[in-house]
Amino acid sequence: MLLVGHAAKGQSDDGMEPDETAASAGSAILPAPAPISPTSISPVPSSEVPEKPGVQWGSVFKQAFGFLLIEEGFRYGTEEGARHTHMPFFKGYADSIANLHGWADGDPFLVNYVGHPMQGAVSGLIWIQNDLRYRNVEIGKNRDYWKGRLRAAAFAFAYSEAEEIGPFSEASIGATQASFPQQGFADHVVTPAIGLAWIIAEDTVDKYIIKAIERHVANPYVKLLVRGGLNPSRSFANVLGGNVPWARYTREGVFAQHGKLVEYPSPATPRVAAESLPKVAIFEFSPKAIAEKDFGSSGPCVGGGGEAAYRFRQDLQLVFELEGCKMTGLTENVSGDSLRFLIGPRWTPFATSRWSPFAELLAGGRKVSQEIFYPAKKAALEAVLQQQGQTLQDPDHWLYASNWEQVGFSIKAGMGVDMRLNNALALRVASVDYYRDWAAAPLSGAHHSQGLQVASALVLKMGTW
């Protein structure tokens, strides 16, 4: 494939080495041109595709750590609380982990629902550009695309947890979650979930808008700006990977011959015979919605969570659950939430059937938190501070609110049924569980020791497609 002088010395204008382009590009569509001086061309991409392309783990961790350094360095440079926590390091870190509860974390809408999804998209794209098996695929009705993006979402979730509560994170640098109102779980869910939607949106824009513009525009600098500007998360991930922002693995650079868009066909991903795939998934991941009712409370607790299940025998799984909910039906100026973390076996006697009933027995812990807000105290405090020319700050929250929490051993036992939709997905039609908790004392006059939970989930199956 011919490239002009920008690609001399065996490197494309997108900063990708020839062997990397060859691995991701496949054969050129155009016929081979007449011989030209070697200094003005780059090697023709090889049509050979590795039999089992894998993940460039070294590059994944190097680029992810670079992204983490940028994020935490920005926080340290711009947030006073990150530089001066006013508490010992290990105590601040432990308090940040222990204080997690509820949903909201005090950040504005743009931070929670734009900034964090972009973070999830960048971390997911770091994975994609190092996942040699799936980085060449484009959005469409093919399982390779969706499987590759789901793998990226899983990595985005792991990165998000590392950034939130890891050893080099918001919890360790500044003990952010240790104080009100940063204790919520919003970022833990929003970052990977909406981040995946952001990646899909950028993929759609790239295929149907950016490529359409490139086909009708010869100016390489216009194409450069369009590629970089309309895919901001991909541009940032490209830079972290050592490429120019407008780089693409699915096609040639913007300085192509005669200024035209010249594409390489994506190499076919090696197929696995359907009959050789396992009948049941070794690993399953399930985001779910829950509603539970404590027998001693006046209203339900509504929320969601996630679970991971590892199958060590066809009819037995080991299940890990994390779920939280917001209490309703409480008195005025009282709020509360529940966080439960459990592990245990699940019996699935008909795992290969379309309808798969199951029974489970899980054990772990439950944390119940409640807060009473005193509006009169807050109004009086605001009046005093106003006379002094000051305003209320988040750390003053404890002056006009009282908080209680309790943590105790918890068990949950019940049954449910899954309906297989296809080899990749199943719908948990419903599960009903009885739970029993052992906590120190009632909160706000209500007992939270036992009740029933109803849940529904979407089950993602790994290894069967």
Side-chain angles (χ1 to χ4, degrees), residues 52 54-55 57 127 131 133-134 143-144 146-155 157-158 161 192 269-290 292 304-324 339-366 409-438 452-465:
K52 292 184 178 180
V55 178
W57 289 104
W127 172 272
D131 189 355
R133 183 183 178 101
Y134 297 105
R143 70 177 188 177
D144 290 340
W146 297 102
K147 188 172 184 179
R149 270 30 181 190
L150 288 172
R151 286 158 63 106
F155 179 76
F157 172 75
E161 292 306 294
T269 303
R271 297 289 183 179
V272 179
E275 57 270 16
S276 67
L277 293 171
K279 299 294 184 182
V280 293
I282 299 297
F283 178 80
E284 296 178 353
F285 175 73
S286 308
K288 63 180 182 178
I290 66 171
E292 59 184 47
E307 68 173 44
Y310 174 75
R311 190 178 303 277
F312 57 91
R313 210 175 72 182
Q314 180 163 305
D315 61 343
L316 283 178
Q317 293 176 295
L318 183 63
V319 180
F320 306 84
E321 282 191 354
L322 179 65
E323 53 194 27
L339 176 67
R340 187 178 281 110
F341 39 94
L342 304 165
I343 182 174
R346 174 179 292 160
W347 180 50
T348 58
F350 306 106
T352 59
S353 301
R354 183 180 183 189
W355 293 91
S356 176
F358 63 84
E360 60 188 9
L361 175 61
L362 312 178
R366 185 189 188 192
F409 179 71
S410 177
I411 62 171
K412 190 171 75 168
M415 59 186 63
V417 61
D418 293 346
M419 181 183 70
R420 180 171 56 84
L421 302 176
N422 52 45
N423 289 340
L425 297 172
L427 175 66
R428 181 150 303 150
V429 179
S431 64
V432 180
D433 292 89
Y434 166 80
Y435 57 84
R436 177 74 170 90
D437 305 315
W438 287 264
L452 291 177
Q453 181 189 94
V454 178
S456 182
L458 186 65
V459 183
L460 173 64
K461 299 173 177 291
M462 302 293 188
T464 56
W465 51 303

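Nearest heavy-atom pair across A455 and I290 is CB-CG2, 3.8 Å. Closest of all the heavy-atom pairs between S356 and T348 is OG-CB, 4.4 Å. The shortest non-hydrogen separation linking N422 to R420 is O-CG, 3.3 Å. The minimum heavy-atom distance between D315 and P349, with the atom names listed, is CB-CA, 4.3 Å. In terms of heavy-atom proximity, S410 sits nearest to L342 at O-CD2, 3.8 Å.
Looking at heavy atoms from C-beta onward, W127 lies in side-chain contact with V55 at the 4.5 angstrom threshold.
More than 12 heavy-atom neighbours from other residues, nucleotides or ligands sit within 6.0 angstrom of OH on Y434. Residue-environment remark: CE (M419) exceeds the threshold of 12 foreign heavy atoms within 6.0 Å.
The side-chain hydrogen bond (donor to acceptor under 3.5 Å, both in side chains) search around E161 returns H188, not counting sequence neighbours.
To the nearest 0.5 Å, atom CG of residue L318 and atom CZ of residue R346 are 10.5 Å apart. One distance of note links OH of Y435 with CG of L362; it measures 14.5 Å at 0.5 Å rounding. Rounding to the nearest 0.5 Å gives a distance of 8.0 Å between CG of L150 and CG of L425. Going from atom CD of Q317 over to atom CZ of F312 covers 9.0 Å, rounded to the nearest 0.5 Å. Distance check, rounded to the nearest 0.5 Å: CG of L322 to CD1 of I343 gives 12.5 Å. Of the inter-residue distances, the one linking R436 atom CZ with I411 atom CD1 reads 8.0 Å to the nearest 0.5 angstrom.
Counting only distance, with no hydrogens or angles, the side chain of S456 and the backbone of R428 share a donor-acceptor pair below 3.5 Å.
Geometric assessment of R151 against the ring of Y134 yields a negative cation-pi assignment under the 6.0 Å and 45° thresholds.
For residues 280-290, the set of pairs meeting the salt bridge (charged side-chain N to carboxylate O under 4.0 Å, His left out) definition, not counting sequence neighbours, comprises E284-R311, E284-K461, K288-E307, K288-E321, K288-E323.
The side chain to side chain contact (heavy atoms under 4.5 Å, CB included) with Y310 is formed by just one residue from the set L316, I282, V319; it is I282.
Comment: E292 engages R366 in a salt bridge, judged by a side-chain N to carboxylate O separation of less than 4.0 angstrom.
In this structure, F285 and F157 have tilted ring planes: the angle between them lies in the 30° to 60° band.
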